[in-house]
Amino acid sequence: MNELIQKGKQAKEAALTLAQAKTKAKNQALSDLAMSLIANTDLILAANEKDLAQASENGVRDAMLDRLRLNKQRVADIAEGVRQVATLADPIGEVMHMWKNEAELTIGKQRVPLGVIGIIYESRPNVTVDAAVLCFKTGNATILRGGSEAFHSNLALVSVIRDSLTNSGFPADAVQIVENTSRETAQELMRLNRYLDVLIPRGSARLIQAVLETATVPVIETGTGNCHVYIDKDAQLEMATKIIVNAKASRPSVCNAAETLLIHEGVAADFLPSIIAKLRTEKVEVRGDKTVATIVSDVIPAVELDWETEYADYILAIKVVTSVDAAIAHINHYGTKHSEAIVTDNYFTSQKFLQQVDAAAVYVNASTRFTDGFEFGFGAEIGISTQKLHARGPMGLNELTSTKYIIYGEGQIRE
């Protein structure tokens with residue numbers, strides 16, 4: 001039997017069990033898993049070292065290696081995320097509202113699992129655990145297909161998860177991984193309609209576009225992050241410096257990192273020399289428009305492609321704009337509807353920015369780096385949706401549920 005069909009059948013069976021699982025039992029299983037991850041840290045890190053060594057041999061750049069790298073603290077953070085998911089309210093079975101119709105039927109709308117969720121992702125092994133535990137808590141089975149660059153790390157993590165679930169009395173097949181990382185197998189997974197209820201891609205623009213073009217399974221689109229920070233004429237420049245340095249340089253390989261800095265012309269002359277100097281101390285390469293170049297002459301000239309690019313690297317494009325309206329227009333034209341920020345002390349300007357920028361997360365006086373399920377209090381995230389149907393922004397437990405109507409009658413028939 002085809003490997004994916006077999007995994008699909010096993011996932012369907014596991015999903016039936018998970019859908020009936022009690023919250024207390026699920027939470028205990030997650031608590032046990034968190035301890036198991038810590039106990040198996042050495043095993044996980046040894047597998048990760050294999051992936052890092054292979055990536056280095058293949059010439060993977062430092063910023064992307066950071067996405068792949070695990071250490072004791074990162075494993076501890078992953079385990080803490082699992083613990084947090086265990087403490088969150090279980091949405092399954094919740095009746096969101098109930099009413100009576102003219103026929104005196106009592107009608108309720110109840111949260112239920114989606115069923116079997118496929119996840120196709122790249123590089124970041126923490127996604128393996130985040131996806132598995134969020135799906136598990138919401139009664140969904142999951143089939144994971146990670147990238148070849150994190151192959152050993154993902155196998156080790158899934159092995160720990162499956163063993164822990166079995167020890168907690170749950171079917172190991174609640175979490176499965178596709179070991180064949182070929183493009184053909186990925187495409188087959190995208191068409192596994194008979195067994196998958198939804199498919200979620202996480203990764204590069206190329207991966208997401210490939211899934212959208214190929215999949216026959218319903219897709220929740222997670223977007224690329226061409227994120228912007230706009231420094232308004234009424235901004236506190238010291239605050240602005242801290243925000244843009246954090247948004248760009250704290251971890252440039254992730255999707256919530258800033259890629260373009262927009263600066264109001266009223267503060268450009270004062271702010272540009274200092275912020276560019278500061279960015280360069282963080283090893284950030286700066287590319288600027290003509291106005292930027294007249295103020296700081298040695299920047300690399302920006303071209304049209306720079307405004308469209310998610311660098312995922314130590315590169316930042318800078319543009320001087322005439323107004324908040326020009327900043328909003330630039331963002332809505334070039335942005336990927338992920339995360340956008342304004343730095344300003346003007347309340348009315350901040351409100352215009354919040355209302356007119358089209359993005360899943362819009363910040364006033366804060367770094368875009370906070371767009372993350374863990375930071376939002378979701379324990380972990382399945383991804384950051386940039387679409388507008390069903391889910392938008394960091395997807396936690398509620399976004400992994402569907403609904404059904406439950407109706408109570410007393411013998412009514414429709415006339």
Side-chain angles (χ1 to χ4, degrees), residues 1-23 25-26 29-30 33 85 90-93 110-121 127-146 154-155 157-159 161-162 164-166 168-181 185-203 207-208 211-212 214-222 380-383 385 387 389-391 395-404:
M1 182 182 294
N2 177 283
E3 178 194 2
L4 283 183
I5 292 176
Q6 180 65 29
K7 288 184 183 298
K9 287 185 174 183
Q10 292 167 175
K12 278 288 188 188
E13 292 177 7
L16 292 174
T17 300
L18 292 180
Q20 306 304 316
K22 302 296 184 184
T23 300
K26 290 189 291 186
L30 290 172
L33 173 57
V85 172
D90 187 352
I92 299 304
Q110 185 180 54
R111 288 193 185 275
V112 296
L114 287 166
V116 179
I117 300 176
I119 317 284
I120 297 181
Y121 57 106
V127 174
T128 300
V129 181
D130 289 353
V133 300
L134 287 171
C135 289
F136 175 80
K137 177 76 178 242
T138 48
N140 297 294
T142 184
I143 299 176
L144 303 165
R145 193 276 187 185
N154 292 338
L155 284 185
L157 288 165
V158 169
S159 176
I161 293 168
R162 287 171 60 87
S164 185
L165 289 179
T166 299
S168 297
F170 284 92
D173 290 334
V175 179
Q176 299 180 77
I177 188 166
V178 179
E179 295 188 21
N180 185 332
T181 58
T185 302
Q187 290 175 340
E188 187 179 349
L189 183 64
M190 296 176 204
R191 299 188 181 100
L192 205 63
N193 297 61
R194 186 175 176 184
Y195 301 105
L196 289 186
D197 293 286
V198 68
L199 185 63
I200 303 174
R202 281 191 63 169
L207 169 68
I208 293 165
V211 172
L212 291 174
T214 305
T216 55
V217 176
V219 175
I220 299 178
E221 181 181 353
T222 61
E381 69 179 26
I382 205 78
S385 171
Q387 65 181 29
L389 297 177
H390 175 64
M395 293 186 290
L397 297 176
N398 287 344
E399 288 72 30
L400 296 179
T401 66
S402 183
T403 59
K404 68 179 176 184

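Basis for what follows: all heavy atoms, side chains included, without hydrogens, waters or symmetry-related copies.
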When you compare the side chain of [Y] with that of [X], does any pair of heavy atoms fall below 4.5 Å?
X: Asn140; Y: Leu18; value: no
X: Leu400; Y: Met395; value: no
X: Val219; Y: Val198; value: no
X: Val178; Y: Thr185; value: yes

Looking only at heavy atoms, which two atoms of [X] and [Y] are closest? And how far apart?
X: Thr222; Y: Gly383; value: CG2-CA, 4.1 Å
X: Leu134; Y: Ile382; value: CD1-N, 3.3 Å
X: Leu30; Y: Val85; value: CD1-CG1, 3.9 Å
X: Ser402; Y: Leu114; value: CB-CD2, 3.8 Å
X: Ala15; Y: Gly115; value: CB-O, 3.7 Å
X: Ala186; Y: Ile120; value: O-CD1, 4.1 Å

Check: [Y] main-chain N/O paired with [X] side-chain donor or acceptor under 3.5 Å:
X: Ser385; Y: Ala391; value: yes
X: Gln110; Y: Gly93; value: yes
X: Arg111; Y: Pro91; value: no
X: Arg145; Y: Gly118; value: no
X: Thr166; Y: Arg162; value: yes
X: Asn154; Y: Gly146; value: no
X: Asp197; Y: Ile117; value: no
X: Asp173; Y: Glu13; value: no
X: Ser159; Y: Leu155; value: no
X: Lys7; Y: Ile143; value: no

| query | Which is it for Thr142 and Phe136 under the side chain to side chain contact (heavy atoms under 4.5 Å, CB included) test, yes or no, and what are the steps along the way? | reply | CA-CA 8 Å; Thr142 184; Phe136 175 80; over 6 Å; no
| said: Go through it in stages, so that I can follow the logic: the residues are Lys12 and Val116, the test is side chain to side chain contact (heavy atoms under 4.5 Å, CB included), and I'd like the CA-CA distance, side-chain angles, deciding distance and then a yes or no. | reply: CA-CA 6 Å; Lys12 278 288 188 188; Val116 179; 4.1 Å; yes
From [X] atom [atom1] to [Y] atom [atom2], the distance as rounded to the nearest 0.5 Å:
X: Ile5; Y: Leu192; atom1: CD1; atom2: CG; result: 7.0 Å
X: Ile161; Y: Ser164; atom1: CD1; atom2: OG; result: 8.5 Å
X: Tyr121; Y: Leu207; atom1: OH; atom2: CG; result: 12.0 Å
X: Thr138; Y: Ile92; atom1: OG1; atom2: CD1; result: 5.5 Å
X: Ile200; Y: Ile208; atom1: CD1; atom2: CD1; result: 11.5 Å
X: Thr401; Y: Glu399; atom1: OG1; atom2: CD; result: 7.5 Å

| request: Begin with the C-alpha distance, continue with both residues' side-chain angles, and end with the deciding distance and a verdict on side chain to side chain contact (heavy atoms under 4.5 Å, CB included) for Leu189 and Leu4. | output: CA-CA 7 Å; Leu189 183 64; Leu4 283 183; 4.1 Å; yes
| Ionic contact status for Asp90 with Lys137, cut-off 4.0 Å |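 So Lys137 does not pair with Asp90 through a salt bridge.
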| task | Test side chain to side chain contact (heavy atoms under 4.5 Å, CB included) on Leu165 and Val175 and set out the steps. | result | CA-CA 9 Å; Leu165 289 179; Val175 179; 3.9 Å; yes
